[in-house]
2 protein chains.
Amino acid sequence: MDVTGHTSPGRHSRPPGQEPRKAPSIRDVAQAAGVSYQTVSRVINRHPAVREETRKRVEAAIETLGFRRNPTAFALASGVTRSVTVLTSNTTLYGYAATLQGLEEAARAAGYSLGVKVLTPEDDLDRTISSAASDGGGLLVIGFDRLGASALRRVPADVPCAAVVEAPPHGRKPPRPAVWTDDREAARAATAHLLELGHRTVHYVAIPTSVGTRRSEGPRAQGWRAALEAAGITPPEPHGGEGWDARASYDQGQQLAHDPDVTAILCGNDDLALGVLRALHHAGRSVPEDVSVIGFDDAPHSEFLTPSLTTVRMDFQGLGRDAFGLLRGQLENDYRPPAPTFVGTALITRESTRHPTT
Amino acid sequence: MDVTGHTSPGRHSRPPGQEPRKAPSIRDVAQAAGVSYQTVSRVINRHPAVREETRKRVEAAIETLGFRRNPTAFALASGVTRSVTVLTSNTTLYGYAATLQGLEEAARAAGYSLGVKVLTPEDDLDRTISSAASDGGGLLVIGFDRLGASALRRVPADVPCAAVVEAPPHGRKPPRPAVWTDDREAARAATAHLLELGHRTVHYVAIPTSVGTRRSEGPRAQGWRAALEAAGITPPEPHGGEGWDARASYDQGQQLAHDPDVTAILCGNDDLALGVLRALHHAGRSVPEDVSVIGFDDAPHSEFLTPSLTTVRMDFQGLGRDAFGLLRGQLENDYRPPAPTFVGTALITRESTRHPTT
DNA sequence: GGCAGCGTTGTGACCGCTCACAATCGTTGC
DNA sequence: GCAACGATTGTGAGCGGTCACAACGCTGCC
């Protein structure tokens, strides 16, 4: 079953005699309208000092010739790009994809075009950054992970830049203008919820963090730990931290499943929760009867799992929108970015959590 | 729980006296190296007619000044952009996201920068297209749906363009160079598989199609229908066709669940399958004991569902790669796109399918 | 009537790079 | 010894816009 198809252009796909006629320039328009190129420039820039009648004439010429201002020439001459580049290590994981979507929407609404560059450990970070910087008007960095965070740190100070990041440690500020969600508090609340249901402790399966070594703790882990400590419980050793998806968490899920004392598990994201769910199922432990599971992020499919997943909803799109606003504030002198509009987090309780059976 | 954070740049974030010094130009390099700007241009373009010693000198100057060729000026002067724009109606659904990922990888490998523009029903398609076209060197259209397909049709003939599309009807060719997977055959094989297991018929929950009205059939529906007809079975009325996600298919799943004759369901993608799975569960019908379900696309989480989902694996990344190659062939005179490299489809059998009871 | 002042339009230079062509140099050939 | 030649290098123009400034015509005023 590997039948596939494609069509390709002929070697000479251009009909003879039909040169790819190049787009009209302002000088073409000027000639057609009987004015100077500068007047055309004024018209397309809505400069007030143009007589009504002249403007009409120029606009007519623009219309008939199908003129559109060449963005490249505009960028070169004016130094203004109206384009931004997103730097991210991933485009498909839910959190990243949703953030990217928010960034794109905001950019489109503001009339900016959006470039995307995926960061890989193999590529030279500085090289990638400087090429992206010279390409476009500004950089938007998704700094959820190590790669993204270190890219953010290396963006030269004179390059306009904004970021979406993991909640920074208390008292620390990200190196650049940034937005984030208070994951720490959200994780604390989710953990507290499990404790309130009557669980004696809560185990944690971690996502990778954006800082330091594998064993260092991200904000979600910190919130989890804080909730336990506030309840006078010694936190057990956290699991995971090496991958983002279900494949990565399945093993951890198996270990947890074999420990009969485990009755509640908080996962760093919904994909990890899925792997844990699967492992628990294989081990014959049912959710939520034997074990409660909470995810993080509220991915679109989490609601439809069986059992449907209790999880922490995040407003990634809102984060993206706001990060773009922050960048736009640096790009346009007269633009003041509005206060953050994203809605923070919310614990969505579904079927995967309940009180423990004594 | 709506605590969030952000930092913004001060109003005057630039340290006084530290102007954002503009990047060095080839003339700066030329002066530093004691040659003309044209010689510098030759060096950065690897023109052979430069004496070894001169080249060394220029390269040293480039290094010390940290010169990088301005892509905007290069584009304007040469007419070559080394950038492409992806037009898509969606960035988060698995098929789209994975295709985008393939496109991005290929573009990055070839040294192209990649722009993304999301198509919406509200925006003026022609406007979006022409702005994307003037922005970059070429267009890559993801034409899985109506919006994408109609965008593809409207791309002016003189704009370089390649697409990833739904398999076209027999004997038809897409309007532009394109790649696709033979979904029709894959759906036929998946349906045939269910029949071979002993099911008397197979029901179908459709994804939206890229052509015509809601009720017209995409290649997956055609393949399903063909398999049934080949077995002498009158195809039942297909369901769905109005949405891509689990929310859209849940209702259809409910209807199917209440019909005791339904023992096998093919879904247009894995998300729809998820909604159907959920509806069956709610109706008390177990999978695969009472009903077999097959999805399409092999999304990353499908393997970890319970029951894990039998599905048709697609090589979206490969499609993206190949589509980029097709575009690159139009952009560079001396580049011949390689033959398609994507691997087609494969039926992945997991827990959600088996022979019917009785 | 002459001139300042305004509204409107045109000219020249330039953004950073490429292209086509001209200029320079040291060799070579006869 | 000199023209021809190839290898190098430099010059001018232009890509399609913008900016700064000059120039024009008209009105209002003393």
Side-chain angles (χ1 to χ4, degrees), chain A residues 20-59 61-62 65-83 130-131 133-137 332-333, chain B residues 20-59 61-62 65-83 130-131 133-137 332-333:
Chain A
R21 68 176 183 301
K22 65 179 168 55
S25 75
I26 53 170
R27 321 214 179 217
D28 299 326
V29 175
Q31 190 171 8
V35 295
S36 78
Y37 55 82
Q38 177 61 2
T39 302
V40 178
S41 173
R42 288 197 183 93
V43 170
I44 60 183
N45 289 306
R46 296 189 169 63
H47 193 102
V50 177
R51 196 161 14 123
E52 181 65 12
E53 187 244 313
T54 314
R55 192 171 56 73
K56 285 255 159 66
R57 209 147 31 101
V58 171
E59 278 170 349
I62 287 177
L65 291 182
F67 168 85
R68 309 209 76 214
R69 175 224 259 145
N70 180 323
T72 306
F74 172 81
L76 180 59
S78 67
V80 174
T81 322
R82 285 199 95 69
S83 95
S130 73
S131 105
S134 58
D135 240 44
E332 301 173 28
N333 287 333
Chain B
R21 68 177 182 300
K22 66 179 167 54
S25 74
I26 53 169
R27 316 210 185 223
D28 299 326
V29 175
Q31 189 171 10
V35 296
S36 78
Y37 56 82
Q38 177 60 5
T39 301
V40 177
S41 172
R42 289 196 182 94
V43 170
I44 59 184
N45 290 307
R46 296 190 169 63
H47 192 102
V50 177
R51 204 175 354 138
E52 181 65 14
E53 186 244 315
T54 313
R55 193 170 56 72
K56 284 255 159 67
R57 208 145 34 99
V58 172
E59 279 170 347
I62 288 177
L65 291 183
F67 168 83
R68 306 212 78 213
R69 174 223 259 145
N70 180 323
T72 306
F74 172 82
L76 180 59
S78 68
V80 174
T81 323
R82 283 200 97 70
S83 95
S130 74
S131 106
S134 58
D135 239 47
E332 301 172 28
N333 288 331

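In what follows, chains carry the letters A, B, and so on, assigned in the order in which the sequence lines appear, proteins first and then strands, with residues in each chain numbered from 1.
Rounded to a whole Å, the CD atom of A:Glu52 is 16 Å from the C1' atom of C:dT9. One can place NE2 of B:His47 at 11 Å from P of D:dT9, the figure rounded to the nearest angstrom. Atoms CG (B:Leu76) and C1' (D:dA13) sit 14 Å apart, rounded to a whole Å. Atom-to-atom, CD of B:Gln31 to P of C:dC17 comes out at 15 Å; the value is rounded to the nearest Å. Residue B:Glu53 contributes atom CD, which lies 12 Å from atom C1' of D:dT8 at whole-angstrom precision. With rounding to whole Å, B:Tyr37 atom OH is found 14 Å from C:dC15 atom C1'. Whole-Å rounding puts the A:Gln38 CD to C:dC14 P distance at 16 Å. Between A:Leu65 atom CG and D:dG16 atom P there is a gap of 14 Å when expressed in whole angstrom units.
Annotation: side chain of A:Glu332 is in contact with side chain of A:Arg82 (closest heavy-atom distance under 4.5 Å). B:Arg42 has its side chain out of reach of B:Val58: every pair of non-hydrogen atoms, C-beta onward, lies at least 4.5 Å apart.
Set against C:dT18, D:dG17, C:dC15, the side chain of B:Phe74 has C:dT18 as its closest nucleotide. You'll find that the side chain of B:Asn70 is closest to C:dC17, out of D:dG16, C:dC17, C:dG10. Listed nucleotides: C:dT9, C:dG16, D:dT8. Nearest to the side chain of B:Arg27: C:dG16.
Residue contacts for A:Thr54: at a heavy-atom cut-off of 4.0 Å it reaches the sugar-phosphate backbone alone, with no base atom in range. Counting any heavy atom pair closer than 4.0 Å across all strands shown, B:Arg69 reaches sugar-phosphate atoms only and no base atom.
Nearer to the 5' terminus of DNA chain D, by closest-nucleotide assignment, is the contact made by B:Pro48 (compared with the other of B:Pro48 and B:Ala73).
Minimum interatomic distance between B:Thr81 and B:Asp135 (heavy atoms only, all atoms of both residues): CG2-O, 4.2 Å.
Between D:dT18 and A:Asn45, a contact under 4.0 Å exists linking OP1 or OP2 to a side-chain N or O. Remark: A:Arg51 is not in phosphate contact with C:dG7, judged by side-chain N or O atoms under 4.0 Å from OP1 or OP2. For B:Ser36 and D:dG10, the shortest distance from a side-chain N or O to OP1 or OP2 is below 4.0 Å. Dashed line: the shortest gap from a side-chain N or O of A:Ser41 to OP1 or OP2 of D:dT18 is under 4.0 Å. Contact check, A:Thr39 against C:dG10: a side-chain N or O comes under 4.0 Å of OP1 or OP2.
One donor-acceptor pair, N or O on each side, does fall under 3.5 Å between the base of D:dG10 and the side chain of B:Arg42.
Among the candidates B:Glu53, B:Glu59, B:Glu52, the single residue satisfying the side-chain hydrogen bond (donor to acceptor under 3.5 Å, both in side chains) test with B:Lys56 is B:Glu52.
For A:Gln31, the CD atom is loosely surrounded, since the number of other residues' heavy atoms within 6.0 Å does not exceed 12.
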